[in-house]
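Presented below is the structure to which this report refers.
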Amino acid sequence: MPLVTTGELITRAATARSAVAAFNIITLEHVEAVIAGAESATAPVVLQVSENAVKFRYGRLLPLARAAVAAAERAAVPVALHLDHVQSDDLLRQAHDAGFSSVMYDAARLPYAENLAATRTAADWAHSQGLWIEAELGEVGGKNGEPPLDAHAPGARTDPAEARAFVADSGVDALAVAIGSTHAMTTRTATLDHDLLKRLSATLDVPLVLHGSSGVPDDELTAAVAGGITKVNVGTALNQAMTGAIRAFLAEHPEAVDSRKYLSVGREAMAEAVARIIGVLAGDGRSG
């Protein structure tokens, strides 16, 4: 089916008080696995390409983006393409022509006033191109080799009053909020601040996004969706699934050299992880 927009999927999810799963892709196997998992779950999905993934691909956005678009157009479920954690203005300006319908502009590392100014400029440009834009306020942390974040430290959490002013002054379409999760967690031990989420949801009139969801237990994810989270970002969980499956395959088959043999195992493991996570977000009992 045709590529859909992230904004469409988020609007539908917000109306239904549900959440869209957004998975970070790095290789073609990631692309195929995310779509296969979403088709298995009969659910829409967002494919996300981060600035870090672009750097890994020799700084070239188009090869992976073109592959994602081609795969999405042949999917049996609605698929959107999102450019994630963009800090480079040059990369931001490649989004529209590469097939992306949305971007997450990440200036959260900057002091509030600088974050706001940079995000306002990015939002104005994005909207002029018809792009839906997400930003971040607070410190989710764990990106780009940052030291582990104390998600409970003073100032790490998103303040509702500050968030309301930030959204109004920046003009963004969605906000990633810091409520206790951290990027790149390999253990599912994060505890979310559901009281804060409730206050943010009551204060803001834009969709709320949860980053660092790989480290969040199933029951916490389900509660987050019930509390107002509309987009759930997942990355590390796919890499764990892929790497674990490949390690196990190569340990059992040390003679293997044909990369298709172990990549197919890794791809299948990621597809299963995608379907399971979508089931958790839907609260349909597929979390076991």
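Only this structure's heavy atoms are used, side chains among them; waters, hydrogens and symmetry mates stay out.
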If every non-hydrogen atom of [X] is compared with every non-hydrogen atom of [Y], which pair is closest and at what distance?
| X | Y | answer |
| --- | --- | --- |
| P44 | L9 | CB-CD2, 3.7 Å |
| A72 | I35 | N-CD1, 3.8 Å |
| I25 | A53 | O-CB, 3.8 Å |
| A98 | L61 | CB-CD2, 3.8 Å |
| N24 | G235 | CB-CA, 4.1 Å |
| A22 | Q48 | CB-OE1, 3.2 Å |

Expected output: side-chain [X] to main-chain [Y] donor-acceptor under 3.5 Å:
| X | Y | result |
| --- | --- | --- |
| R57 | I26 | yes |
| T222 | D218 | yes |
| E114 | P111 | no |
| S214 | V234 | no |
| T119 | L116 | no |
| E134 | A176 | no |
| T158 | A178 | yes |

Do other residues, nucleotides or ligands put more than 12 heavy atoms under 6.0 Å from F56 CZ? no
Is there a side-chain contact between [X] and [Y], using heavy atoms and a 4.5 Å cut-off?
| X | Y | result |
| --- | --- | --- |
| H253 | K261 | no |
| L64 | V31 | yes |
| E220 | H194 | yes |
| V34 | L238 | yes |
| T121 | D89 | no |
| L221 | L210 | yes |

Check the angle between the aromatic planes of H82 and W132 and answer parallel, tilted or perpendicular using the 30° and 60° thresholds. perpendicular
Residue list, salt bridge (charged side-chain N to carboxylate O under 4.0 Å, His left out) with D173, at least two apart or on another chain: none
Partners of R260 by salt bridge (charged side-chain N to carboxylate O under 4.0 Å, His left out), sequence neighbours excluded? D258
Run the salt-bridge test on R276 and E272 with the 4.0 Å N-O cut-off and return the result as yes or no. no
Step by step, work out the side chain to side chain donor-acceptor pair (under 3.5 Å) result for T6 and S102. CA-CA 6 Å; T6 305; S102 61; 2.7 Å; yes
Test: salt bridge (Lys or Arg N to Asp or Glu O under 4.0 Å). Region: residues 162-171. Which pairs qualify, not counting sequence neighbours? none
What verdict does the side chain to side chain contact (heavy atoms under 4.5 Å, CB included) test give for L175 and L204, after you've listed the backbone C-alpha separation in whole Å, the side-chain angles of each residue and the deciding distance to 0.1 Å? CA-CA 9 Å; L175 189 68; L204 302 175; 3.9 Å; yes
Let me see the working for H30 and N239 under side chain to side chain donor-acceptor pair (under 3.5 Å), right down to the final yes or no. CA-CA 9 Å; H30 282 76; N239 296 330; 2.8 Å; yes
